[in-house]
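Taking it in order: structure first as structure tokens, then the write-up.
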4 protein chains.
Amino acid sequence: MPKKHQIIEAAIRVFAREGLEKGKIADIAKEAGIGKGTVYEYFSSKADVFKAIEEHVTTGMIDVVAEVLKKPVSAEEKLRLIFSISVEHINHMGDELLIVTELLVHGARGHMFDEGTNTMVDMYSTYRELVETILIEGLQNGEFREINPPGIATLFLAFIDGIVWQYVFIKDTSNFKLLLDEALESFLKGIKL
Amino acid sequence: MPKKHQIIEAAIRVFAREGLEKGKIADIAKEAGIGKGTVYEYFSSKADVFKAIEEHVTTGMIDVVAEVLKKPVSAEEKLRLIFSISVEHINHMGDELLIVTELLVHGARGHMFDEGTNTMVDMYSTYRELVETILIEGLQNGEFREINPPGIATLFLAFIDGIVWQYVFIKDTSNFKLLLDEALESFLKGIKL
Amino acid sequence: MPKKHQIIEAAIRVFAREGLEKGKIADIAKEAGIGKGTVYEYFSSKADVFKAIEEHVTTGMIDVVAEVLKKPVSAEEKLRLIFSISVEHINHMGDELLIVTELLVHGARGHMFDEGTNTMVDMYSTYRELVETILIEGLQNGEFREINPPGIATLFLAFIDGIVWQYVFIKDTSNFKLLLDEALESFLKGIKL
Amino acid sequence: MPKKHQIIEAAIRVFAREGLEKGKIADIAKEAGIGKGTVYEYFSSKADVFKAIEEHVTTGMIDVVAEVLKKPVSAEEKLRLIFSISVEHINHMGDELLIVTELLVHGARGHMFDEGTNTMVDMYSTYRELVETILIEGLQNGEFREINPPGIATLFLAFIDGIVWQYVFIKDTSNFKLLLDEALESFLKGIKL
DNA sequence: GATGAATGAGGGTTCATTCAT
DNA sequence: TATGAATGAACCCTCATTCAT
């Protein structure tokens with residue numbers, strides 16, 4: 001449904017600009033160039049819009065990263081790919097990251113839009129598991145030294161998350177790319193045999 | 001004024017639990033064991049409470065870290081201290097981190113509680129500058145190799161921020177400490193001569 | 001037009017179930033198995049549907065009762081017929097009575113769906129007048145004793161209305177029929193010479 | 001709480017005039033001479049106001065009638081008292097009867113304002129039971145002939161309900177009182193030995 | 001100072017109605 | 001003729017803020 005997608009796009013712009021709570025349904029409608037009531041033709045409530053945004057954001061992320069797992073390359077190379085893909089993705093998100101952050105905080109509080117599911121937090125766990133899978137793979141095929149996969153996975157995520165924050169605060173990060181590569185190499189050197 | 005501080009503490013508990021927007025003034029009053037109107041004897045508005053929380057949180061952080069700068073130890077040692085102090089601080093904050101995150105997002109949007117100042121974002125900049133100062137110091141006294149101070153400072157902050165996120169999501173991080181030390185050593189090795 | 005009648009039937013089912021205000025045009029369309037816009041091909045507004053239901057309900061009632069007046073039987077027999085026809089009618093209406101009640105209340109408030117006419121209340125008056133006519137007839141031809149026609153007519157209506165309520169609340173009234181007949185006889189005995 | 005009662009009074013006036021659904025909370029506030037929000041200081045929702053009105057109306061009715069049961073008079077006299085009290089009560093209610101009717105219809109549909117209780121319908125049942133109790137009493141002490149208490153109770157209620165309707169439609173019922181007495185006597189004569 | 005009853009602007013949501021297809 | 005997507009006025013309810021006590 002293209003209209004539904006159109007509304008999600010408008011909602012993302014509004015929420016990125018105003019915040020999840022301050023962004024009004026009326027704003028979204030105006031941003032999408034439609035009437036207020038039309039939003040409710042596609043979403044049952046504001047929380048439903050939040051949920052849709054969560055899905056929109058997480059699907060893109062997890063799918064692309066999961067794809068990496070299937071590639072016939074070394075574990076090390078997989079980590080490199082995940083890293084570059086993630087950074088690339090973050091770079092493309094721009095102010096959407098503010099929404100993602102709010103959604104993560106919301107989820108971290110245990111609050112939910114949907115009874116029983118915590119999409120954003122689940123996505124985070126899935127992401128961590130994907131990384132862990134790669135680490136175990138590299139451990140088993142002798143690429144990596146005797147590491148603790150869950151801990152290293154957490155460290156890897158911390159690395160990526162930390163970078164997100166810098167993007168959020170320093171909008172222009174062009175001259176930051178080289179450092180990231182260096183840091184990644186340093187990280188990989190640390191876990192390789 | 002101890003009553004004012006009492007209200008801030010109550011506000012932090014409420015906002016950590018409910019979120020900045022969902023947390024009501026009435027909740028804070030109840031949490032503090034006082035009347036709703038009394039909150040307004042000490043704060044002019046809800047935004048004023050936010051501002052006070054920002055100050056409360058940042059002051060603690062910056063002061064302690066700034067103290068490190070004055071110590072008569074090597075730049076490397078200063079970074080180690082800042083790192084451990086920060087991690088310790090993060091560890092103590094617990095769910096307050098959720099508030100800090102919301103405040104940072106708020107600030108990143110350019111929204112302000114107070115005309116003209118962006119406390120949280122300023123704190124962030126100050127923090128970065130402190131680290132940069134140490135890096136330049138280490139660079140000048142020959143401790144570090146030919147590095148790019150702003151970039152490395154950003155990387156250092158990214159490292160710390162990333163860790164915050166892990167604390168937010170994995171509440172028990174006890175067996176994560178060793179990894180952090182290892183990672184810090186790896187980081188330091190990368191910039192030392 | 002059979003489609004129009006089809007919609008009225010659907011509307012009656014919906015309004016009986018949900019209430020006049022809570023029953024939505026969309027519900028009626030779904031109940032009638034047609035599109036929402038189609039309802040507006042046959043009715044200009046929701047009030048227009050109400051009006052049509054009023055007419056549907058009252059026409060059935062008044063016509064049948066008016067028919068009795070023309071019969072070449074005694075006044076007493078006419079009252080008996082009206083009574084049994086009315087009770088029969090009430091019995092057939094079932095939950096439609098809830099709608100009738102709502103419409104009567106609406107009319108009693110002086111609210112109207114149509115500028116200038118108060119169908120339901122008019123029907124009520126007509127009904128009373130029919131009964132009054134019979135009473136006067138019986139009075140003139142010496143069947144009844146010196147009664148006050150308007151008052152007795154009101155009492156007669158009260159009797160029927162009261163029965164409606166019992167049907168509304170006690171859905172099964174099968175073993176109630178005998179009592180009604182007895183009560184009617186008692187009533188007639190009271191006005192006969 | 002006098003303010004709460006004040007709001008109920010205002011609500012009754014508004015709902016009697018406008019109808020349960022058409023009467024707005026804002027109307028009630030204006031009618032009571034208070035702010036819209038103040039209504040919510042005393043009632044949690046519009047349904048809660050409905051519930052309060054139900055209780056306000058039913059309490060007055062049942063209590064007074066129940067009192068009759070305890071009197072040391074014959075069953076016949078009790079019925080006479082209940083009848084006159086009820087008619088008196090109905091007479092005093094005026095347009096409140098329109099609200100009562102709407103509430104009864106609402107209850108007859110099985111809709112509820114409060115999970116699990118159907119105040120208005122319960123009141124109705126209680127009323128019927130009180131009458132039944134009196135009938136059984138009169139049956140046992142030889143006052144009444146071999147009657148069917150539930151059926152006669154229903155007939156008695158039908159009689160009263162029917163009168164309500166006439167009050168609703170013919171506002172001035174002054175010259176109607178005599179007829180009622182006559183009708184009551186006729187009714188009592190029918191069940192007496 | 002402390003309080004909490006009162007307030008009303010504001011926002012989420014519903015639904016009768018319209019109209020292009 | 002039939003449709004249902006689109007609309008926005010209307011209304012319930014929330015909650016920051018005020019102020020009389």
Side-chain angles (χ1 to χ4, degrees), chain A residues 1-4 6-7 18 21-30 32-50, chain B residues 1 3-4 7 18 21-30 32-50, chain C residues 1 3-4 7 18 21-30 32-50, chain D residues 1-4 6-7 18 21-30 32-50:
Chain A
M1 211 171 290
K3 187 69 135 308
K4 185 163 187 170
Q6 188 190 128
I7 295 171
E18 312 287 352
E21 300 295 331
K22 285 279 164 61
K24 299 172 244 169
I25 292 288
D27 296 337
I28 295 172
K30 188 174 283 178
I34 57 175
K36 195 155 46 109
T38 308
V39 175
Y40 286 89
E41 289 287 316
Y42 297 90
F43 300 93
S44 64
S45 65
K46 198 182 179 186
D48 197 32
V49 177
F50 289 156
Chain B
M1 210 170 293
K3 188 72 129 318
K4 184 162 186 168
I7 295 172
E18 313 287 349
E21 299 296 332
K22 287 278 164 62
K24 301 171 231 167
I25 293 289
D27 295 337
I28 295 171
K30 187 178 282 178
I34 58 173
K36 197 154 36 112
T38 309
V39 174
Y40 284 86
E41 289 291 321
Y42 296 91
F43 301 93
S44 63
S45 66
K46 196 181 181 186
D48 198 31
V49 177
F50 289 156
Chain C
M1 209 171 296
K3 187 71 130 317
K4 184 163 187 168
I7 295 171
E18 312 287 351
E21 299 296 332
K22 287 278 163 62
K24 300 171 231 168
I25 293 289
D27 296 337
I28 296 171
K30 187 178 282 179
I34 58 173
K36 198 157 28 119
T38 309
V39 175
Y40 285 87
E41 290 291 321
Y42 296 90
F43 300 93
S44 65
S45 66
K46 196 182 180 185
D48 197 31
V49 177
F50 290 156
Chain D
M1 211 172 291
K3 188 70 137 304
K4 184 163 187 168
Q6 189 189 126
I7 295 172
E18 313 287 352
E21 300 295 333
K22 285 278 163 63
K24 296 170 246 170
I25 292 289
D27 296 336
I28 296 171
K30 189 175 284 179
I34 58 175
K36 195 158 40 110
T38 308
V39 175
Y40 286 90
E41 288 288 316
Y42 297 90
F43 300 93
S44 63
S45 66
K46 198 182 179 187
D48 197 33
V49 177
F50 290 157

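Computed from a prediction, not measured in an experiment: that's the story for all the values here. Chain letters run A, B, ... following the sequence lines, proteins first, then strands; residues in each count from 1.
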Original post:
Just to confirm, is there a sub-4.0 Å distance from OP1 or OP2 of E:dG1 to any side-chain nitrogen or oxygen of B:Lys3?
Top reply: no
Subject >> Heavy-atom pair with the smallest gap, counting every atom of D:Tyr42 and D:Asp48 >> reply: O-OD2, 4.4 Å
Subject >> Nucleotide-level pairing of DNA chain F, given in dot-bracket where Watson-Crick and G-U pairs need both distances under 3.5 Å and | marks other strands >> reply: .||||||||||||||||||||
Subject >> Over all atoms of both residues, closest heavy-atom pair of B:Ala26 and B:Lys36 >> reply: CB-CD, 3.7 Å
Original post:
Any cation-pi pair here, A:Lys4 with A:Phe43, using under 6.0 Å and within 45°?
Top reply: yes
Original post:
Do side-chain atoms of A:Lys22 reach the backbone of B:Glu21 as a donor and acceptor pair under 3.5 angstrom?
Top reply: no
Subject >> B:Asp27 side chain vs B:Lys24 backbone, donor-acceptor pair below 3.5 Å >> reply: yes
Subject >> Separation between CD1 of A:Ile28 and NZ of A:Lys46, rounded to the nearest 0.5 Å >> reply: 7.0 Å
**OP:** Using whole Å, report how far CD1 of D:Ile28 lies from C1' of F:dC12.
**Re:** 11 Å
**OP:** Please state how far atom CG in A:Asp48 lies from atom P in E:dG12, giving the value in whole angstrom units.
**Re:** 14 Å
Subject >> Rounded interatomic separation in angstrom, taking NZ from A:Lys30 and C1' from F:dT7 >> reply: 15 Å
Subject >> Between F:dT14 (P) and B:Glu18 (CD): distance, integer Å >> reply: 15 Å
Please write out the pairs of protein N or O atoms and N or O atoms of nucleotides 16-19 of chain F separated by less than 3.5 Å, giving the distance to one decimal.
from   : atom 1 : to      : atom 2 : distance (Å)
F:dA16 : OP1    : B:Lys46 : NZ     : 3.4
F:dA16 : OP2    : B:Ile25 : N      : 2.9
F:dT17 : OP2    : B:Tyr40 : OH     : 2.9
F:dT17 : OP2    : B:Lys46 : N      : 2.8
F:dT17 : O4     : B:Lys36 : NZ     : 3.1

Original post:
Quick one: OG1 on B:Thr38 to CD1 on B:Ile25, what's the gap to the nearest 0.5 Å?
Top reply: 12.0 Å
**OP:** In whole angstrom, give the distance that lies between atom NZ of C:Lys4 and atom C1' of F:dT1.
**Re:** 15 Å
**OP:** Ignoring backbone atoms, establish whether B:Tyr42 has a side-chain N or O less than 4.0 Å from OP1 or OP2 of E:dG1.
**Re:** no
**OP:** Decide yes or no for D:Gln6 and D:Ile34: does some side-chain heavy atom of the first lie under 4.5 Å from some side-chain heavy atom of the second?
**Re:** yes
